[in-house]
Amino acid sequence: MQLVTALTLANRYFPNIEAGALQQLLPEEFISQCLHKAGVATVRRRRLPLESLVMVVLGMALYRDKDVWSIADKMQIALPGRRELVAPSAVVQGRQRLGSEAIRQVFHQTQKLWHQDAEHPRWCGLQLLGVDGVVWRTPDTVENTEAFTKPITTAGESAWPMVRMVCQMELTSHLLTGAAMDKYSTNEMILAEQLIETTPDNSVTLFDRGFYSLGLLNAWQSKGQNRHWLIPLKKGAQYEVVEKLGKQDLRVRIATSPQAQKKWPGLPTHVEARLLHKKVKGKERFILTSMLDTTQFMGDEIVDLYSQRWEIELGYREIKQQLLANEFTLRSKKSEMVKQELWGVLLCYNLIRYQMVRMAKTLPGIYPNELSFTLCANAIVSLFEYGFTLISSHHIPKELDDLTRKAEFFVLPFRREERCYPRQVKRKISKYPHKK
């Protein structure tokens with residue numbers, strides 16, 4: 001059975017029902033609209049339509065141990081023809097016709113629909129978002145090296161070309177809301193600029209200290225309504241105290257550099273922010289934020305809120321270790337196909353996470369990020385792969401209800417916050433053997 005049919009059934013939508021009766025997840029009509037936006041839609045009908053090749057790109061993330069031709073055969077996406085199977089070269093050529101922009105469009109359009117349906121819990125009326133960077137390893141080919149470059153370390157040039165990516169994630173559900181990618185030498189703050197326009201209003205974005213840029217933070221806040229940010233204070237940063245708001249709670253003014261004003265038109269000479277100071281687990285924490293209203297945003301809660309930034313790191317771990325099964329090197333040998341594969345990975349991760357959001361709705365007081373991604377992903381993918389092919393259509397709602405009822409067994413144990421693993425510099429491995 002085609003994966004698109006399984007996904008449609010998984011959302012209890014049947015193609016014969018009127019449009020708008022129930023939401024679709026990835027119907028063919030929706031994918032066709034994304035292909036038109038990407039400019040790759042064609043009138044010619046091939047045995048491997050572009051809409052079906054989108055499913056192949058999804059399958060590349062689900063089945064890391066299989067080659068692309070086997071994935072296309074396993075998912076039964078080819079239209080009937082003289083031969084039962086298509087040639088392996090047909091799948092490769094089909095991916096090249098599809099390109100990366102089409103998958104990017106599908107990712108962005110689906111994340112908008114899924115976030116609207118998810119109804120995420122909020123903190124003080126604000127949606128919790130996190131932004132951080134991640135790198136991906138690509139096969140060592142000439143084209144990948146020219147497009148993405150290799151990292152330069154003290155030991156010399158790396159053996160693998162790398163792709164740098166910055167993602168934005170909703171922290172209570174781990175659903176990705178946006179992503180930007182480029183070659184490894186690109187600064188993460190340049191990629192973060194591309195996420196400003198897609199950031200929703202009435203939100204607070206948690207940044208790593210590496211994104212400390214007054215121009216970026218000011219643009220992030222000024223491009224919408226109630227778009228707040230939260231970031232650790234840069235070491236050695238100079239500021240002027242404007243007002244004391246409370247114990248270890250200050251309203252400060254930070255001067256911007258002429259270089260930043262030139263790069264960011266409209267950036268004022270000074271930026272006002274709120275500086276909070278609190279000792280957490282024996283360490284002094286200095287948090288800078290745009291949330292100046294002391295009646296709506298309590299100081300102690302803001303400092304504690306920053307610990308949620310780690311959720312995006314857990315999301316990256318779920319993608320690389322669980323979804324991709326620790327296969328850190330991507331399979332595509334051309335730069336355009338690398339981008340296509342990465343957008344497919346993000347789309348596949350969001351797809352599973354959205355199903356987990358629906359499962360968490362049946363458990364009062366449980367957030368989707370408190371469910372085991374590994375167990376849920378295995379159950380959801382197994383149901384798509386085996387369940388729908390062995391049961392009749394009128395039994396599908398029962399199977400889905402059974403999966404939803406099992407959600408309580410996928411809840412993770414309570415996190416032990418008393419555990420602490422401080423960062424430390426690892427001893428450099430010597431290339432000479434140790435003396436006995």
Check: Asn226/Asp201 side-chain N/O donor and acceptor closer than 3.5 Å: no
Cationic N near anionic O, under 4.0 Å, Glu341 to Arg64: yes
I'd like to know if Arg274 and Asp249 make a salt bridge, using a cut-off of under 4.0 Å between side-chain N and carboxylate O. yes
Donor-acceptor contact present, side-chain Ser335 to main-chain Ala147, <3.5 Å: no
List the atom pairs, with distances to 0.1 Å, where a side-chain N or O of residues 293-300 and a protein N or O form a donor-acceptor pair under 3.5 Å, not counting sequence neighbours.
from, atom 1, to, atom 2, distance (Å)
Asp293, OD1, Thr295, N, 3.1
Asp293, OD1, Thr295, OG1, 2.5
Gln296, NE2, Cys124, O, 3.4

Any donor-acceptor N/O pair, Glu170 side chain to Thr172 backbone, under 3.5 Å: yes
Test of ring centre spacing under 6.0 Å for Trp343 and His108: yes
Using the six-membered ring of Phe328, assess whether NZ or CZ of Arg137 lies under 6.0 Å from its centre and within 45 degrees of the ring axis. no
Closer than 4.0 angstrom, basic N to acidic O: yes or no for Arg331 and Glu327? no
Kindly assign one of parallel, tilted or perpendicular to the pair Phe286 and His277, based on the angle between their ring planes and the thresholds 30° and 60°. parallel
Euclidean distance, Arg95 CZ relative to Ile103 CD1, rounded to 0.5 Å: 9.0 Å
Heavy-atom side-chain contact between Val338 and Val163 under 4.5 Å: yes
Would you say Asn369's side chain and Ser173's backbone share a donor-acceptor pair under 3.5 angstrom? no
So, Arg227 side chain and Thr199 main chain: donor-acceptor pair closer than 3.5 Å or not? yes
Between the side chains of Glu143 and Lys333, is the shortest nitrogen-to-carboxylate-oxygen separation below 4.0 Å, so that they form an ion pair? no
Does any donor atom in the side chain of Thr205 or Trp220 lie under 3.5 Å from an acceptor atom in the other side chain? yes
Lys150: partners by salt bridge (charged side-chain N to carboxylate O under 4.0 Å, His left out), with sequence neighbours left out: Asp140
So, the side chain of Ser332 versus the backbone of Met337: is there a donor-acceptor pair under 3.5 Å, distance only? yes
Salt bridge check, Glu101 against Lys339: does any charged N sit closer than 4.0 Å to a carboxylate O? no
I'd like to know if the side chain of Glu311 pairs up with that of His174 as donor and acceptor (distance under 3.5 Å, no hydrogens or angles considered). yes
